[in-house]
Engineer: 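Structure incoming, see below.
Computed over heavy atoms, backbone and side chain alike; hydrogens, waters and symmetry mates excluded. Since the model is a prediction, treat every value here as computed from it, not as a measurement. A note on names: the letters A, B, ... follow the listed sequences, proteins ahead of strands, and every chain is numbered from 1.
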Amino acid sequence: MNELELKKLWQITNDKLEESFVIHKKNTDDITQVKVYNILGSMKPIKIFTLLVGILWVGIGVIALSSIYLNSFSEANRFFLFSASIQMGLTAMALFIYLYQLITIYQVDITDPILRTQEQLVSLKMSTLWVNRILFLQLPVWTTFWWNETMLTDWGILQWVVTLFFTISFTFISIWLFINIKYENRNKKWFRLIFRGKEWIPLMKSMELLDQVEDYKKQNTSA
Amino acid sequence: MDRQKQQQFFQEIIEQHKGILFKVARTYCPNVDDRQDLIQEIMIQIWQSIHKYNDQYKISTWLYRISLNVAISFYRKSSTRTQKHTFLNEQVVEVPAEDKSEDEQKLNLLEQFIRELKEIDKALMILYLDDKSHTEIAEILGMSVSNVGTKIGRIKDKLRTRFSQLMS
């Protein structure tokens, strides 16, 4: 079958179907009454809420920790203080990602060319990976929050071995995941194990789409 | 443009170019119920972008951009879609063609081939079959004209192979 014949067939069939495809005037009227609704737009409130709660959390944390650093550093439990500081710093980094996502949501224009819009949407989705990397990076500090100076004097070897085992393992795992959770590893078994389940489907699909966008862009550059 | 004019403009473009919405939805959504949701989603996006319409582009270019962007990105989240506007669904009526001729079979083969393509290739294929010029395809997709030619050439090769396999 030649392509002209195919094109003609496609067009005739679509014209025929189009004639029988009815959109009532009431539909278009109803749509003009819908107030700012779109799926991307629906992400804005949750992002803004998370950002505000995060700013509040980090703000309170920074005030509390600064006060300890400035006024009672010598009496403070340093393990707790340093763990909390690291946790606070990482949360602040995650907030920057949320801010980036919010800005991108406002910038995405559905009337732009397909490759540009899709690239923005994919990078928005992919930034979720960064949030996860940072979340994993917090793992070791959850094992050191409760440490205190009496451990140094009162603990036996077994207690130290168990505690250090967890802290060192968590540190290793978190750094490894931080380095390796990236787009390039999307097809690895361990990656698919972490990001399996319904809630990750859009992310995995975005990665597949990124391949296509990259492919088109590559050819655009070489063309 | 005031609201009343926007509404009138919206109704006109939907009526005149409903074929674009229908074609895109039909290509990206084999399921009729899902298709109606997608058409509705596209219409909402067109209405919400109408104030941004720039007449330096052909209206069909603008509509294709919105329709394809919605179909590719938003519709992939089918599991998270809300039922907010289902009141519109039942009123969008689609009557499928009944003819089951040889041409219809060939068309089915073509549609099956398109459905198996990746998202952006699908968009390219619709535009190609719609006889859009390479320049207009480049404007809709946001790529160079020469790249459009290369890509279409590759898809046509695949299509030819597929058809010769299935017809033999």
Engineer: Just how far is it from atom CD1 of I31(A) to atom CZ of F10(B), taken to the nearest 0.5 Å?
Structural biologist: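 The CD1 atom of I31(A) sits 5.0 Å away from the CZ atom of F10(B).
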Engineer: Can you measure from CD1 (I110(A)) to CD1 (I44(B)) and round to the nearest 0.5 angstrom?
Structural biologist: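 So the gap between those two atoms works out to 12.5 Å.
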Engineer: For I114(B), which atoms come within 4.5 Å of any heavy atom of chain A: side chain, backbone, both, or neither?
Structural biologist: side chain
Engineer: Sort and list the pairs that fulfil ring-ring contact (aromatic ring centres under 6.0 Å, His included) and have at least one residue in residues 96-143 of chain A, not counting sequence neighbours.
Structural biologist: W130(A)-F178(A), W142(A)-F145(A)
Engineer: For K7(A), is there an ion pair with D131(B) - N to carboxylate O distance below 4.0 angstrom?
Structural biologist: yes
Engineer: Looking at CG of L115(A) and CD1 of I140(B), how far apart are the two atoms once the value is rounded to the nearest 0.5 Å?
Structural biologist: 12.0 Å
Engineer: Supply the atom-to-atom distance K217(A) NZ to N147(B) CG, rounded to the nearest 0.5 angstrom.
Structural biologist: 12.5 Å
Engineer: Just checking Y183(A): does its OH atom have more than 12 heavy atoms from other residues, nucleotides or ligands closer to it than 6.0 angstrom?
Structural biologist: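 Yes, because the 6.0 Å sphere around OH of Y183(A) holds more than 12 heavy atoms from other groups.
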Engineer: For E15(B), is it the side chain, the backbone, both, or neither that has a heavy atom closer than 4.5 Å to a heavy atom of chain A?
Structural biologist: side chain
Engineer: Counting heavy-atom pairs closer than 4.5 Å to chain B, which one of D211(A), T111(A), T117(A), V213(A) comes out on top?
Structural biologist: T111(A)
Engineer: Counting only heavy atoms not in W57(A), do more than 12 fall under 6.0 Å of its CH2?
Structural biologist: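 Counting other residues, nucleotides and ligands, CH2 of W57(A) stays at 12 neighbours or fewer.
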Engineer: Distance only, no hydrogens: is a donor on one side chain within 3.5 Å (strictly under) of an acceptor on the other, for D130(B) and Q11(A)?
Structural biologist: no
Engineer: State, with a plain yes or no, whether a side-chain heavy atom of L9(A) is found less than 4.5 Å away from one of L110(B).
Structural biologist: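 No, every pair of side-chain atoms sits at 4.5 Å or beyond.
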Engineer: Taking the side chain as C-beta and beyond, is there a heavy-atom pair between Y216(A) and L124(B) under 4.5 Å?
Structural biologist: yes
Engineer: Heavy-atom count check: over 12 atoms from other residues, nucleotides or ligands less than 6.0 Å from Q4(B) CD?
Structural biologist: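 No, CD of Q4(B) has 12 or fewer neighbouring heavy atoms, counting only those of other groups under 6.0 Å.
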Engineer: Measure distances from L129(B) to the heavy atoms of chain A and classify the residue's part below 4.5 Å as side chain, backbone, both or neither.
Structural biologist: both
Engineer: Going by heavy atoms in the side chains, are P113(A) and L141(B) under 4.5 Å from each other?
Structural biologist: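 When only atoms from C-beta onward are counted, L141(B) and P113(A) do not touch, as no gap falls below 4.5 Å.
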Engineer: So what's closer than 4.5 Å to chain A heavy atoms on K52(B): side chain, backbone, both or neither?
Structural biologist: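 For K52(B), the side chain is the part near chain A, not the backbone.
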Engineer: Give the C-alpha distance, both sets of side-chain angles, the deciding distance and a yes or no for side-chain contact (heavy atoms from CB on, under 4.5 Å) between D215(A) and K151(B).
Structural biologist: CA-CA 11 Å; D215(A) 180 46; K151(B) 275 286 183 188; 2.9 Å; yes
Engineer: Which distance, rounded to the nearest 0.5 Å, do you find between the CZ of R160(B) and the CG of L6(A)?
Structural biologist: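 Reported to 0.5 Å precision, the distance equals 10.5 Å.
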Engineer: Please say whether more than 12 non-hydrogen atoms of neighbouring residues, nucleotides or ligands are located less than 6.0 Å from CZ in R192(A).
Structural biologist: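 Yes, CZ of R192(A) has more than 12 neighbouring heavy atoms, counting only those of other groups under 6.0 Å.
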Engineer: Check this for me: Y69(A), atom OH, are more than 12 non-hydrogen atoms of other residues, nucleotides or ligands nearer than 6.0 Å?
Structural biologist: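 Check passes, neighbour count above 12.
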Engineer: How about K156(B): does its NZ atom have over 12 heavy atoms from other parts shown lying under 6.0 Å from it?
Structural biologist: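 Counting other residues, nucleotides and ligands, NZ of K156(B) exceeds 12 neighbours.
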Engineer: With respect to chain A, which residue among T61(B), L159(B), D121(B), I46(B) yields the maximal number of heavy-atom pairs within a distance under 4.5 Å?
Structural biologist: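 Looking at each of T61(B), L159(B), D121(B), I46(B) in turn, D121(B) comes out on top.
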Engineer: To the nearest 0.5 Å, what is the distance between CD1 on I137(B) and CD1 on I114(A)?
Structural biologist: 12.0 Å
Engineer: If we count only N and O atoms by modelled type, under 3.5 Å, do the side chains of D29(A) and Q11(B) hold a donor and an acceptor together?
Structural biologist: yes
Engineer: Report the C-alpha distance between R65(B) and D112(A) in whole Å, list the side-chain angles of each, state the deciding distance to 0.1 Å, and finish with yes or no for salt bridge (charged side-chain N to carboxylate O under 4.0 Å, His left out).
Structural biologist: CA-CA 7 Å; R65(B) 281 182 177 179; D112(A) 273 345; 5.1 Å; no
Engineer: Is Y57(B) close to chain A through its backbone or its side chain, or both, or neither, when contacts mean heavy atoms under 4.5 Å?
Structural biologist: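 The answer is neither part of Y57(B).
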